[in-house]
Amino acid sequence: MTFNDEWLVATVQVLLPEGAIETVRREAGTATVSLWEQLVQRRLATDDQILTAIAKRFRLPVAEIGPYDSRARENLPENLVRRFNVLPLRMTDSFLEVATANPFDIDAEKMLAFATGREVRMLLASPMKIHERVEQLYGGAEEAVHKILGGLEDADVQQLEDEPSDVAASAEEASTAPIVRLVDMMLADGISSRASDVHVEPVEGGVVVRYRIDGVLRQVMKIPRSAGVPLISRIKIMSGLDIADRRRPQDGRARVSVNGSPVDLRISTLPATHGEKVVIRVLNQRATVLSLDSLGMSEDEREQIGKLLSNKEGIILVTGPTGSGKTTTLYSALRMVQSEGVNIVTVEDPVEFRLGENIVQVQVNEKAGLTFATALRSILRQDPDVVLVGEIRDHETAQIAVQASLTGHLVLSTLHTNDAPHAVTRLVDMGMETYKIATALRGVIAQRLMRRLCPICRQESRDGVPTRIKRYIPEGATLYRSVGCPECAMTGYRGRFSIVEVLTMNPELERRIGAGATADKIAEAARHTGMKSLWESGLVHVLNGETTLEELLRVTDVPHDDRAGGFGRVPTPAPFRVSGQQPAIPSAEPSSNGTAPLAPLAPVKGVDLSFELLEEVITPVLDDPTGRPGKGRCVLLVEDEDQLRRVMKDLLEREGYKVAEARDGAQALDEVDRSAPDLIMLDLNLPGTLDGYGVLQRLRSRSSTSDIPVIVLTAKGDEDNEVRVFQLGADDFLTKPFRARALSARLEAVLGRRRV
């Protein structure tokens, strides 16, 4: 092998014992190394000896490395400095002085001269000393951390151990004082800012730190990659994770003391394109008051939940998306029923808060075989009065929970559904019998979290109310808007409260659920007995001046029958053309029948509508409803591409069909229950965890939907894919791009076959 500074051999040979250089070559193997660095590391020669020998032989000056010249540092790109391992010393209008360990590197001299426009003077210096000074000069991890910490106040942060841990920190750089201090300050700042989560996300060129405050993410700092990667390793060390494993998601816990107050942290890592993303869930028990009064519900809502909790047996469900406060509501409910004479046991994944005396909390450990179902079986042998199941995820857990509620236990749990009535259909999807659900269920609480207006800076709103929601706002009502001030970090909001939809069981609901009624029929019966929707619950807070209309519309939907273009009426279609022409944009004026106009279509970059519909549509006579092939039948259109879905919807409505829409698999299953379609057009490539194959499989596994015709739409026209969808129960297979008249004919053919 040859050294990358082979020119040095003849110069230093006189300083070394005979055969020393050959020994270094042999032991280095095939690796390309620096002879200079190898001699110093093996103590065969010193830097000064090598420098003196080079300077004497080639009559070159030795660099005196003193205080750095800021002008030279600013004008010489860092990438060139690191590439050629040179150190800028001094710069004038005519020349640049640099220290180098290889004064004969012509490429380096030319590149530096070109980059600075000056004559380059090369001075001798040790490669190790150059490297060390470059790290100081261009900001390694330590300098970057010092810059970031300059704007943060000191806080006393100490790590607390629940029990002795045998996981040792194996990353030396993650244990340096600046990195440890940066993590401490980040946690202290996030907790003092009321953050519920801290996101550490590697991006191109660095690592971004964001806080989720009042449900909304805000970027607070961007850290250079040299400091960001050790920061992530430090977080993994704190939570007992394997820092050497960066290819698998990992979950861990940590406990810290911030200014004397203990705070639990839940850490999750995820491998991503630019590195590992880390999310830290902050579980600050002192900042979270576990009582229904503190959740911000109205008095009648608290009374309804209190009545549900007065049951001695049955199952009570809390539903909503991730981050909607379900666990906090369940914990608050446990506080209401907690007493010395009540045996309460929980099974959770993970245990978020330690609830104290008289409540036994069990942590799920799937690696050890302790799942929700197995833990629940064991809990029922512990003579419990109240059981909390963190989440019902599968048929087995649902079956045991329902069985426990039927045998004299009060069971509290959560489900992921959009509203209360759909909790029933979700249990049916899991394979539960409807008669058992009707008997066991005592109530469902659907929940969302809304941001509360900052009381210091809120102002009365002078903006007009959107037309589609005017009917809900009383004449003369005072509405407020968010402004922003230092107290609320210029967001206009400070804190959050709950809005709920409480479904309480009654004989009519039991009858409908037992008969297998759809979610909309269950909702209809519940509303007749006084159930308020999430929209109505939130509207009360808007009219009370606690939040804004914008926040209400962000969190909830306007009631279904008021949505523009919603199922139940056919909007007046606009003129429509295809074959390379954009569809005409619908008018923004209200139509003659008083219905809301369709939203204007925004141009979508990269979407060519002529690719999707290749023929001009033959428009039927609209004033003769009997002449249209659709004749009022309903088609559910499941397609995630908004522009294409609007074009197809317009086409189907012209053919006389009523059209319901869904953008993903979960929404499609909900819409099936809501609109009871005569036919489903299903795209296979859907966002989220449930794609078109999964939707089709679930439709065919349910007795209520097994006979609905399904036409599959896909860009994958291969034979294997076609065979697969037919095996799953599809009625027809349509490859994109398709022709307009062919689409209409296929719809009629499939519906005709089903009628026969």
Side-chain angles (χ1 to χ4, degrees), residues 1-66 68 72 76-89 96-115 120-142 170-176 225-226 229-230 233 243-244 246:
M1 58 85 66
T2 58
F3 300 108
N4 57 18
D5 48 3
E6 189 70 27
W7 61 271
L8 192 58
V9 172
T11 302
V12 299
Q13 204 158 17
V14 296
L15 304 175
L16 306 175
E18 186 177 352
I21 292 180
E22 285 68 23
T23 301
V24 174
R25 284 188 199 276
R26 186 172 58 255
E27 293 180 358
T30 59
T32 302
V33 296
S34 165
L35 174 60
W36 191 326
E37 293 180 2
Q38 288 293 315
L39 294 178
V40 173
Q41 288 175 9
R42 296 167 184 263
R43 298 184 179 180
L44 296 174
T46 65
D47 277 331
D48 289 339
Q49 288 175 327
I50 298 173
L51 279 172
T52 302
I54 298 172
K56 183 177 180 180
R57 181 178 181 188
F58 297 105
R59 299 182 181 180
L60 292 172
V62 177
E64 293 183 5
I65 301 177
Y68 69 85
L76 191 59
E78 181 183 353
N79 63 324
L80 291 182
V81 170
R82 294 186 181 277
R83 175 180 171 186
F84 296 112
N85 194 30
V86 296
L87 176 67
L89 298 176
L96 167 70
E97 282 187 356
V98 297
T100 178
N102 185 2
F104 305 104
D105 191 342
I106 304 301
D107 290 337
E109 186 175 354
K110 288 181 179 179
M111 288 294 293
L112 296 177
F114 178 78
V120 178
R121 298 179 180 178
M122 312 280 265
L123 307 180
L124 278 175
S126 158
M128 289 76 78
K129 187 162 289 187
I130 292 174
H131 178 75
E132 178 184 343
R133 193 59 186 268
V134 165
E135 287 301 318
Q136 296 175 1
L137 196 60
Y138 285 93
E142 187 165 341
S170 59
E172 185 177 335
E173 58 182 351
S175 301
T176 59
R225 196 167 186 83
S226 58
V229 173
S233 295
I243 65 171
R246 298 180 179 178

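Residue indices begin at 1 and follow the sequence shown.
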* Asked: Can you tell if the side chain of M122 reaches within under 4.5 Å of the side chain of F104, non-hydrogen atoms only?
  -> no
* Asked: When rounded to the nearest 0.5 angstrom, what distance separates CD in Q13 from CG in L35?
  -> 9.5 Å
* Structure fact -> Taken to the nearest 0.5 Å, the spacing of L76 CG from E78 CD works out to 10.0 Å
* Structure fact -> Rounded to the nearest 0.5 Å, the CD atom of E64 sits from the CD atom of E97 at a distance of 10.0 Å
* Spatial distance of atom CD (E37) from atom CZ (R42) [nearest 0.5 Å] -> 12.5 Å
* For residues S34 and N4, report the shortest heavy-atom separation together with the two atoms involved. => CA-OD1, 3.2 Å
* To do: Measure the shortest side-chain to side-chain distance between L39 and L15 over non-hydrogen atoms and say whether it is less than 4.5 angstrom.
  => no
* Which pair of heavy atoms, one from R225 and one from P230, lies closest together, and at what distance? -> O-CD, 4.1 Å
* Asked: What is the distance from atom NZ of K110 to atom CG of D105, rounded to the nearest 0.5 Å?
  -> 10.5 Å
* Asked: Do you know the tightest heavy-atom contact between A115 and L80?
  -> CB-CD1, 3.6 Å
* Asked: Do the side chains of R121 and V98 get nearer than 4.5 Å, heavy atoms only?
  -> no
* Residue pair N85 / P127: nearest heavy atoms and the distance that separates them -> ND2-O, 3.8 Å
* Could you give the distance from CG (N102) to CD (E6), rounded to the nearest 0.5 Å? -> 12.0 Å
* Asked: If you take all heavy atoms of I130 and V86, which pair is closest and at what distance?
  -> CG2-C, 3.9 Å
* Test item: E27 and Q38 side chains (from C-beta on) under 4.5 Å apart, heavy atoms -> no
Sequence neighbours left out, cut at 3.5 Å: what donor-acceptor pairs do the side chains of residues 45-62 make with other protein atoms?
from, atom 1, to, atom 2, distance (Å)
T46, OG1, Q49, N, 3.2
D47, OD1, W36, NE1, 2.9
D47, OD1, S126, OG, 3.2
D47, OD2, S126, OG, 3.1
Q49, OE1, T46, N, 3.0
T52, OG1, D48, O, 2.8
R57, NH1, T11, OG1, 3.0

